[in-house]
Structures are given as C-alpha cells and as structure tokens.
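Each chain gets a letter, A, B and so on, in the order its sequence line appears, and its residues count up from 1. From a predicted model like this one, the values you see are computed outputs, not experimental measurements.
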Amino acid sequence: MVKARVQIMPKSGVLDPQGKAIAHALASLGFSGVGEVRQGKVIDLELSETDPGKAKRAVEAMCEKLLANTLIESYRIEVQG
Amino acid sequence: MVKARVQIMPKSGVLDPQGKAIAHALASLGFSGVGEVRQGKVIDLELSETDPGKAKRAVEAMCEKLLANTLIESYRIEVQG
Amino acid sequence: MTVIDPPATLDQARQFGLSEDEFKRACRIMGRTPNFTELGIFSVMWSEHCSYKSSKVWLKKLPTTGARVICGPGENAGVIDIGDGDAAIFKMESHNHPSFIEPYQGAATGVGGILRDVFTMGARPIANLNALRFGSPAHPKTRHLVDGVVRGIGGYGNCVGVPTVGGECNFHPSYNGNILVNAMTVGLARSSRIFYSAAAGPGNPVIYVGAKTGRDGIHGATMASAEFSEDSESKRPTVQVGDPFTEKLLIEACLELMESDAIVAIQDMGAAGLTSSSVEMAGKGGLGIELDLDRVPTRETAMSPYEIMLSESQERMLMILKPERAELARRIFEKWELDFAVIGRVTDSGRLVLTMHGQTVADMPVGPLVTEAPLYERPWTPAPALPGLAAKGVAAREPIAALKQLVACPDLASKRWIWEQYDHLVMGHTVQRPGGDAAVVRLPGRKKALALATDCTPRYCAADPKRGGAQAVAENWRNITAVGATPLAITDNMNFGNPERPEIMGQFAQSIEGMREACLALDYPVVSGNVSLYNETNGSGILPTPVIGGVGLIDDAAKAVTLAFKRAGEIVVAIGETTGWLGQSLYLRELLGREDGSPPPVDLKAERRNGDFVRAQILAGAVTSCHDVSDGGLLIALAEMAMAGGIGATVAAPQDQPAHGFWFGEDQARYVVTCRAADALLQAAQKANVPARVVGKTGGDALTLAGGNAISVAELKHLNEAWLPAYMAQ
Amino acid sequence: MQAAIILFPGSNREQDVHDALKRATGKEPLRVWHRDSDLPKADLIVIPGGFSYGDYLRCGAMAAHSPIMREVKARAETGTPVLGICNGFQIVTEAGLLPGVLLVNRTLRFHCKDVHLRVETSQSVYTRRYNAGQVIRVPVAHHDGNYFADKDTLDRLEGEGLVAFRYCRSDGEIDDDANANGSARAIAGILNEKRNVLGLMPHPEDATDPLLGSTDGQGFFASLAEALA
Ligand SMILES: Nc1ncnc2c1ncn2[C@@H]1O[C@H](COP(=O)(O)OP(=O)(O)O)[C@@H](O)[C@H]1O
Ligand SMILES: [Mg+2]
C-alpha cells in the first residue's frame with residue numbers, strides 16, 4: 001500500500017477570498033507582520049497500488065479528473081512508499 | 001521574509017464527510033484501489049519575521065488561536081527561510 | 001498633453017474583436033491612432049456586450065413606459081412605483097460564457113453582478129431568481145455544469161443573505177455547448193431615494209470602493225461577444241472568483257452611505273470594469289473624468305494601465321461624492337473593512353484622461369466613445385411558418401401512462417433538488433416558496449407583497465419567434481396573475497446565437513416583435529434587460545431564448561393563493577379555451593419524439609380577459625387554489641395541484657374532442673382553479689365572456705380519470721421528485 | 001425582556017430573529033456591532049444566523065475569536081442566556097461555550113427546507129412552553145450543520161439532559177432520512193450545563209408568522225418572553 005498526499009492551491013493571480021479573510025483575521029487578533037495568505041486543500045489517499053511511480057501517475061489522473069480544478073488551482077503530489 | 005505552510009488535517013476518529021465523498025466519487029469514476037481518503041487544508045503565509053525559529057513559533061500561536069480547531073484537527077508547520 | 005505608448009495596429013484591433021471599419025472609426029474619433037490602452041478601451045466599449053450594436057435598433061421597439069415606471073432601461077436597473085413611496089428595482093443579467101467555462105465561479109459572479117446593479121441604485125436586494133438552460137441530460141458535461149452552477153448560485157446568494165425564491169430550469173441539446181445562466185435580482189427602495197449614474201459637478205472626487213483590482217477576466221466583455229470555438233477554452237482570461245462576503249459588506253456599506261446626501265452618482269464595475277463605469281458616468285453627465293491609476297487599489301504587482309482599466313475583478317464600485325462628504329464615506333467604508341480610494345475627479349473637458357507614474361497613458365473623448373459606437377442594422381430573414389397539427393393526426397396514448405412519463409421528464413420534473421440548495425427563506429418574508437407559479441415576497445413592515453417569476457419556452461421561440469416572444473411575456477404575466485398579483489413590469493434577458501447570421505437576427509427581431517405586442521396588450525412594460533448574443537459553438541446556435549422576469553404586486557399578502565388543492569370535495573374548474581393544440585407540445589416531444597408543428601397561438605385579448613377575471617376571483621376570495629396551464633397541458637397542471645396539496649381529484653374530458661389533445665394540448669391563456677361551489681364562478685365567467693368548464697372534483701388520494709385509469713398522488717410525487725436527484729447522484 | 005443581537009460582518013438572519021423577538025416580547029431588541037466597545041446590559045444575548053466572515057476557514061471560527069466574545073462568555077458565566085442560532089451555534093461552539101463542532105452536511109450541500117424537530121427537554125428558558133417529546137416543524141438553512149462530538153461528550157450531553165432538539169420524522173421517530181445533515185445522534189440543538197446557553201441549527205425565528213407557513217417556533221420565543229419577563 002502507498003500513501004499519497006495532494007496539495008491543491010489557488011493559482012497565483014486567482015483571487016483567494018478565504019486567504020484574504022484569514023490574513024485580515026490574523027491582523028485583528030494582533031498577529032503582526034503577516035503578508036499574503038493563501039488557502040488550499042490537502043487530500044490524503046491510501047492506494048492499494050504498491051509501485052510509487054504508478055501510484056503517482058494514478059493520482060495525477062485523479063487530480064486532472066476530479067480533485068483539482070485546473071483552471072484556477074495547481075496541485076502537487078507526494079507519494080510515500 | 002519567511003514563508004510558512006500549515007497543513008491541517010482532521011484527527012483520526014473525526015468524521016470527514018468530504019474525504020468520504022471524494023473516495024466515493026473516485027470509485028465511481030473508475031479509479032480502483034483507493035482506500036481511505038481524508039481532506040484537510042493548507043494555509044500558506046508570508047511573514048515579515050526573518051528568523052525561522054521565531055516564525056515557526058508565531059505560526060504555532062496562530063494555529064492554536066485561530067487556524068486549527070485542535071479539538072478535531074491536527075496541524076503541521078513547515079517554514080522555508 | 002502627450003500620450004505615451006506607441007500607436008496600436010490594425011492587427012491588435014482585430015485581436016480585440018474590432019473590425020477594420022471600427023478601427024478606422026476609432027482613429028477618426030481620436031484624430032490619431034489610439035495606443036494600446038486606448039484601443040483596449042474602444043474594443044470593450046464597442047463590444048456587443050457593452051454597446052448593444054446589433055440589438056439596439058430592435059430593443060428600441062419595446063414599450064418602456066407606463067404609469068408605474070419611474071426609470072426604464074438605460075440605468076443599472078429598472079425602477080417601478082409600488083405605492084406608499086416604495087419602489088421596486090430589478091434587472092436580469094446573463095453569465096452564460098463564464099458559467100460554461102467555470103460553472104461555480106461563473107454562476108456565482110453572475111449573481112454578484114446582478115446584485116450590484118440593483119443596490120447601486122439604492123435598493124436593498126430582497127429576492128433573487130435564476131433562469132437556467134442546460135444541454136441534454138445525456139451529454140457528458142451536463143451533470144457537472146448543473147452541479148457547479150447550482151452550487152455557485154447558492155454559494156453566493158446564501159452568503160450575502162438574499163433569498164433565492166424562484167427561477168426555471170430546462171434541458172435541451174441545443175445548449176450542449178452554450179448553457180444559459182440568467183440571474184435576476186429584485187430590490188426595494190424609497191422612491192424618493194434612488195441613485196443614478198450620471199456624473200455631475202466638475203471637481204468632485206471620483207471614489208473607488210470595494211475589493212482590490214487583479215488581472216481577472218480581462219476582456220470578459222469581448223469574450224461574451226464572440227462565438228465559442230474549439231480553442232476558446234484555452235484562450236480564456238483569468239477566471240473571476242466571487243467573494244460574497246465582500247459583496248455583503250459592500251451592500252451594507254453602500255446602503256449606509258446612501259442614508260446621507262453624500263453620493264452624486266454611483267455605478268458598479270461590471271463588464272469592462274473601470275472602463276465602462278467611468279466612461280458611462282462621464283458620458284451620461286456630458287462631462288469628463290481624470291483618473292490617476294496609481295491610486296487604484298490593486299492586489300497584484302506591476303499591473304499595466306490596460307490591465308487596470310479592463311480588469312473585471314468583482315465586488316467593486318465607482319462613486320462620485322460631494323467633496324465635503326468624502327470623509328464620512330471613508331469612515332463608513334473603513335467600518336466595513338473595505339478598500340476606499342480617491343482615484344480621480346470629474347472635469348468639464350468631456351475627455352477621459354488616465355495618468356500613471358506621472359504620465360498620461362490615455363486621453364480620449366468620452367462622448368463619441370458612447371454616442372458614436374457602431375450600430376448595425378444586420379440583415380435578417382423571417383423564420384419559415386410551420387403548419388398546425390390537428391390532434392386527430394397525432395397518435396393518442398393512454399392519458400395516465402402519458403402523464404407518468406411527462407411528470408418525470410427533465411423539463412417537468414420537480415426542481416426541488418435545485419431550490420433546496422438555495423436559502424429561499426432568509427430575511428423572513430417569503431410567503432410563497434419556490435415550487436409554485438410565482439414566488440411571493442412580502443415587503444418588510446407592510447401587508448403588501450411582490451410576486452416574482454421568470455419564463456420562456458424556447459421551443460416555441462424556435463418554431464415561431466414572434467409567437468414565442470409573445471408567449472414568454474404572456475406566460476410570465478399569467479404566472480404572476482395565478483397567485484393573485486397584478487403584473488406591473490418586466491425585465492428581459494435576450495439569449496440568442498450569432499447575430500451575423502440572418503436567420504438568428506430574424507429570431508431576435510421577431511421575438512422582439514412578439515414581446516412588444518404582448519407588453520402593449522398586457523400593460524406590461526420592459527424596464528430593464530440584457531442581451532447575450534453569440535451563444536454558438538462551431539456554428540450551431542442555441543434555441544432562441546428571450547427570458548422574461550416579471551414583477552407583480554398584491555396589496556395583501558394574505559390574499560395570495562397557492563396551486564395546492566386545499567381540501568376534498570371542491571370543484572375543479574378550467575378557465576380559458578382548450579382546443580387541444582399539440583404543435584410543439586411536450587407530449588409530442590416526450591412521447592412521440594417529435595419537435596414539430598407551430599406553437600400555440602397567443603390571443604392577447606383572451607389572455608388579458610381571462611387573467612383579469614381569475615385575479616378578481618382570487619382577490620374576492622372566491623377560489624381556494626389556482627395554477628396556470630403551460631408546459632405539458634391541463635393534466636400536468638392538475639397533477640401539480642394534486643401533488644402540492646397531497647389530495648387527489650377525479651376529472652373528466654369532454655366527449656367531443658380527442659382526449660390526448662384535451663389533456664396535453666398547450667393552448668394559452670388558461671388556468672385551473674378550485675372553489676367550494678362553482679355556480680357563482682361559472683356565472684361570473686359567463687358574464688365576463690371567459691370560457692370556464694368544470695373538469696372534476698377534488699378528493700381521494702389519486703388522480704382519477706372518470707371512467708378510466710388512475711394514479712396515486714404518492715406515485716405521481718415519486719415520479720416527479722425522483723428524476724433530478726437520481727440524475728445528479730450518478 | 002431586553003434582547004441584544006450581536007452582529008458580525010456577514011451576519012444575515014438578524015432581521016428574522018429581531019422580528020420574532022419583537023413579536024413575542026413587544027420590545028425592540030438592541031443590535032450590537034461586534035466592534036462596539038461594550039456590550040449593553042441585556043436579559044438575552046443572541047448570535048444570529050448568517051455567514052460571519054464568509055464562513056471562510058471554518059464556520060464561526062473568526063467571529064468566535066473576536067473581542068466581543070470574551071464579554072459574551074463572561075455574561076454566560078454569570079447566567080445570562082446566550083442563544084446561538086445556525087451560524088450562531090457554530091460561533092458558540094468554536095468559542096468553547098458549547099462542546100462539539102458543526103461539520104459540513106454529509107450531502108456536502110446546502111439544505112434549505114422545513115424539518116421536524118423533537119423537543120427533548122422543556123427544562124430551559126428556551127423550551128419551557130413546549131412539552132418534552134413534542135414535535136415541531138421549522139426550517140433549516142445551512143451547509144455545515146452536521147453536529148459532531150466524541151462519544152463521551154455525547155453520552156454526557158444525553159445523560160445530563162442537555163440535548164434540546166433532535167431531527168425526527170413528522171411522527172417523532174428518529175431515523176436516518178430525517179437527519180439529513182448527518183448529525184451525531186440526530187442532535188439539532190444543545191444546552192450547556194447551566195442550561196443558559198443554547199445552540200441550535202434550525203431557525204425557530206422563521207416559523208413565527210402564520211403567513212410564512214409554520215408558527216411552531218412561536219413557543220420558543222414565548223418561552224423566552226415568559227422566562228425573562
Ligand atoms: N433554477 C431554479 N431556481 C429556483 N427555483 C426554480 C428553479 N427552477 C425551477 N424553480 C421553481 O420550480 C417551480 C416550477 O418551475 P416552472 O415549471 O418553470 O414553473 P412555470 O411552468 O409555472 O413557469 C417554480 O416555482 C420555480 O420557481
Ligand atoms: Mg406556472
């Protein structure tokens with residue numbers, strides 16, 4: 001079994017209202033020196049595939065098809081054997 | 001300036017309706033061999049702090065105070081100098 | 001003043017969607033060749049979306065005045081008088097192309113945009129509606145698009161706290177590559193406190209408020225003015241992302257500021273952003289505007305003047321304030337944690353002058369940008385007339401079996417799955433929820449209520465655009481009437497294919513002709529609207545879809561009736577003449593797989609007479625429920641009344657006409673009402689020269705055809721409710 | 001009875017609860033902007049529904065940490081009734097006034113519809129005019145109403161009679177279909193140990209006007225009016 005972690009972030013230039021609101025909230029809680037904040041998703045998957053290379057390609061297909069909205073999001077995949 | 005990435009995941013035992021729905025959707029799209037799926041959040045922060053250690057402690061405080069609900073979520077912080 | 005940047009080229013103009021003639025015209029207006037930024041401004045101002053260059057000559061034919069009209073088309077939204085010093089402000093707008101590309105954000109920002117059009121004028125938004133058209137359910141993209149669009153509309157409307165109370169949703173293969181997402185907002189204002197967009201007072205500050213400017217949707221307006229092709233998905237501009245939270249703050253801040261006398265003029269930044277808002281404000285006031293682009297709040301670095309002027313970032317407004325009130329305004333916007341910046345001033349030069357980094361980056365005359373925009377009288381050909389279809393010549397199916405199939409077909413299946421994802425109750429005034437003929441929304445602190453509905457039957461419009469245009473207005477008028485309200489005025493959303501094709505232009509022209517006749521006959525003026533052309537992919541266009549959004553008024557919300565059967569033992573009466581018109585009916589399409597014949601004629605005199613009669617009966621308390629008859633015909637209307645009330649009925653068709661025509665024909669100007677005793681109603685109808693016929697009696701738990709088959713209300717409900725959730729769960 | 005309704009950026013059901021309170025008590029509730037420096041004296045503090053801070057990050061999280069919530073907690077400790085409806089429920093749980101959290105609905109969709117609720121206790125200022133076991137019909141309108149807490153917490157809530165409302169069928173039976181958002185043990189609303197803080201997802205305030213379909217929420221506001229008169 002292989003575990004994969006996908007991190008999905010809004011592409012740069014795409015408005016991220018959540019990140020904006022978090023930055024704002026941190027400032028009003030007194031945390032100073034916080035610049036831009038961006039929020040994304042992590043998705044952890046357990047795969048029965050045992051070959052890390054194959055697993056990564058499978059997860060890539062999942063990202064393109066479902067997990068990420070590639071119009072506005074970019075993703076990164078990590079596979080731990 | 002320092003960049004920090006926070007990854008926030010639902011603790012084990014905590015219901016994760018999103019993760020469940022993703023697993024289901026992947027299966028119905030024909031992706032086989034997907035076991036448990038859990039969904040969490042990533043938050044990227046730009047900090048004016050330059051000392052990585054101090055930055056990490058600041059982000060830790062932000063997590064405890066706002067970014068994570070430690071009742072149901074655990075978090076991990078990475079700081080890139 | 002010298003303007004930096006080299007002159008632009010014809011090639012650039014073409015890329016911006018301008019023709020060679022239009023480029024030449026721009027050069028002539030400028031007295032020189034415009035630079036890149038200036039050319040960008042010409043191209044968006046002269047895009048179909050902003051200039052209405054193909055449609056304007058036709059739109060002028062629509063009646064736009066009436067006793068109730070305070071402000072007709074031309075401002076951000078239409079305004080009508082609803083008595084007691086109250087005004088209703090409303091408009092509908094399309095977000096078709098963006099929703100096809102990114103359904104969630106496209107639909108969400110569509111809602112955001114139409115909300116801004118309404119609160120810009122000083123109204124608190126009190127209701128949203130949405131008219132949706134998707135491709136065939138069998139098309140691989142449809143499910144994803146339905147899901148995203150519905151989530152997007154809900155995501156935005158629910159968060160800003162404006163109830164989404166109605167709409168419509170159809171499926172047809174002609175929308176496979178071009179879905180339609182039309183959103184309508186209705187707001188409430190005091191008629192003495194309405195805000196307009198004409199700039200005034202040279203020297204007055206120009207203020208930017210709301211969210212920061214990014215590189216979103218640059219050239220969105222020109223994209224909305226071009227056909228889709230294979231590669232347009234790769235050429236799309238950065239997707240605009242909506243931020244309903246910021247919009248909510250913007251609504252509250254603007255309405256708070258509007259309590260004072262600070263605002264001289266105000267305009268939201270919609271399509272073509274800062275360009276169209278500043279040019280339109282200056283143009284309407286016959287003045288000039290100077291903007292210092294360094295002061296525009298941006299969220300990205302190194303934005304060029306062109307990008308700042310053409311950005312379609314959401315949740316932004318432009319205002320002209322009295323100088324002595326600028327501080328008050330700043331305090332209000334800071335309280336609501338929104339960006340606020342003085343970015344320029346009004347001038348009497350009649351020119352739009354943009355500076356950045358201390359240099360002039362554009363300098364162009366405002367008047368000609370607006371008044372000398374190209375106008376086209378595009379050639380058009382009328383749609384060929386189709387023959388009528390006599391019911392005798394159409395195969396007859398057993399009515400209950402046909403009913404079962406029809407109540408579960410995509411167009412007639414319940415849309416509960418959609419509207420339960422919309423908060424239709426927030427604000428606490430939704431008297432009639434989605435699911436009836438018109439939503440009824442009471443006005444805060446008053447007994448009276450507005451009735452709201454959207455309608456269009458695109459298959460009728462395709463078969464006979466003129467009849468279809470008239471029918472859309474008539475059906476909308478009928479839906480408002482069916483709850484007991486008086487229809488007052490409409491907004492429209494004209495969704496068509498490529499106007500450069502004469503047959504499409506013909507659909508447009510003839511639809512307008514039909515709408516015009518119906519508006520005149522029904523005293524139902526058009527006070528605002530929107531045109532969306534080029535809804536085509538690779539040369540295949542959508543069904544012509546002129547959507548009508550109507551607003552009606554009922555003095556006492558408690559007098560409104562619903563379509564639900566109320567109790568057993570009541571008499572069911574059909575109002576209006578049933579000839580059994582099956583041309584273009586759903587019976588024909590769903591049971592026989594035929595989309596042919598001419599659509600039902602629209603007799604506007606009968607429409608008016610029957611509707612006025614029904615409304616009077618409702619207000620007199622003489623009927624206990626009422627439903628208009630439209631898609632699917634009489635038996636569908638009866639089934640919907642039974643399902644809504646959870647009560648059955650026994651009904652009979654007359655002997656002298658084919659049963660399938662009687663039950664499923666789509667003759668217009670009809671209603672079904674129920675009453676405790678029919679005599680008085682039938683007499684009154686006869687006196688008013690209104691056809692009325694008893695068709696049955698309520699009671700039991702099935703819909704029964706006298707001497708024929710029956711179906712339980714429970715089974716009907718199951719068939720009607722199951723289709724959409726099951727489809728979406730796949 | 002004087003009620004104070006706290007407004008956060010993004011609150012949007014304040015008018016609904018305002019009208020319901022006014023109808024029941026005849027008295028105009030106060031509206032308090034979250035950044036106003038002091039919370040006025042009040043017999044009831046209400047945190048209304050809406051999307052405070054856009055529901056970004058986690059529903060209710062940002063509002064829960066705003067300064068005014070410290071004062072709300074202090075008042076709750078001295079016994080002042082604090083009512084959190086919908087987003088208000090999310091805020092009071094995030095603020096630690098009530099245990100558990102509201103997760104996303106198991107359908108991952110927003111639900112707006114009438115539901116049936118079983119009143120589980122009449123032992124509170126909010127429910128004294130109802131009978132335990134009574135079924136009422138009121139609307140819900142939320143995306144994140146899936147109540148979650150660990151087993152011990154749930155057992156304790158049940159053991160101490162702190163569950164105020166549960167989703168049920170029209171006949172009062174609890175079943176999976178009636179619990180559309182997937183809440184643990186079909187919980188729709190809970191009380192704190194002192195029984196002065198109540199959080200609930202449904203909107204009794206939207207069921208107090210005969211014209212709007214149901215008046216089953218009137219008992220809720222009548223209870224408050226009677227208890228806090
Ligand atoms: N997209 C939608 N959003 C909200 N309500 C909708 C939507 N689609 C349909 N509805 C509701 O479903 C009911 C039936 O719609 P429709 O069949 O178009 O009515 P009618 O035939 O009377 O015009 C109406 O109350 C309408 O408001
Ligand atoms: Mg109708």
Got [X] and [Y] here, is their nearest side-chain heavy-atom distance under 4.5 Å?
{"X": "D/Leu103", "Y": "B/Ile72", "result": "yes"}
{"X": "B/Val14", "Y": "D/Val101", "result": "no"}
{"X": "B/Pro17", "Y": "D/Asn105", "result": "no"}

- prompt: How far does CG of B/Asn69 sit from CG of D/Leu57, to the nearest 0.5 angstrom?
  reply: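 So the CG of B/Asn69 and the CG of D/Leu57 are separated by 9.5 Å.
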message: So, taking the atom named NZ in B/Lys11 and the one named CG in D/Asp150, what distance separates them when rounded to the nearest 0.5 Å?
response: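 Going from NZ on B/Lys11 over to CG on D/Asp150, the span is 10.0 Å.
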- prompt: Is the backbone of B/Leu66 close enough, under 3.5 Å, to the side chain of D/Arg58 for a donor and an acceptor to pair up by distance?
  reply: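 Present.
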D/Lys194, NZ atom: more than 12 neighbouring heavy atoms under 6.0 Å: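 Yes, NZ of D/Lys194 has more than 12 neighbouring heavy atoms, counting only those of other groups under 6.0 Å.
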message: Taking CZ in D/Arg156 as the centre, count heavy atoms belonging to other residues, nucleotides or ligands within less than 6.0 Å. Is the count above 12?
response: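 Count over threshold, so yes.
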query: Quick one: what part of B/Leu15 sits under 4.5 Å from any heavy atom of chain D, side chain, backbone, both or neither?
result: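 Both the backbone and the side chain of B/Leu15 come within 4.5 Å of chain D.
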task: Tell me, for B/Ile8 versus chain D, whether the close heavy atoms (under 4.5 Å) come from the side chain, the backbone, both or neither.
output: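 Looking at B/Ile8, nothing touches chain D.
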field: Most chain B-contacting option - heavy-atom pairs closer than 4.5 Å, from D/Leu108, D/Asn146, D/Thr107
entry: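 Top count of heavy-atom pairs under 4.5 Å with chain B: D/Leu108.
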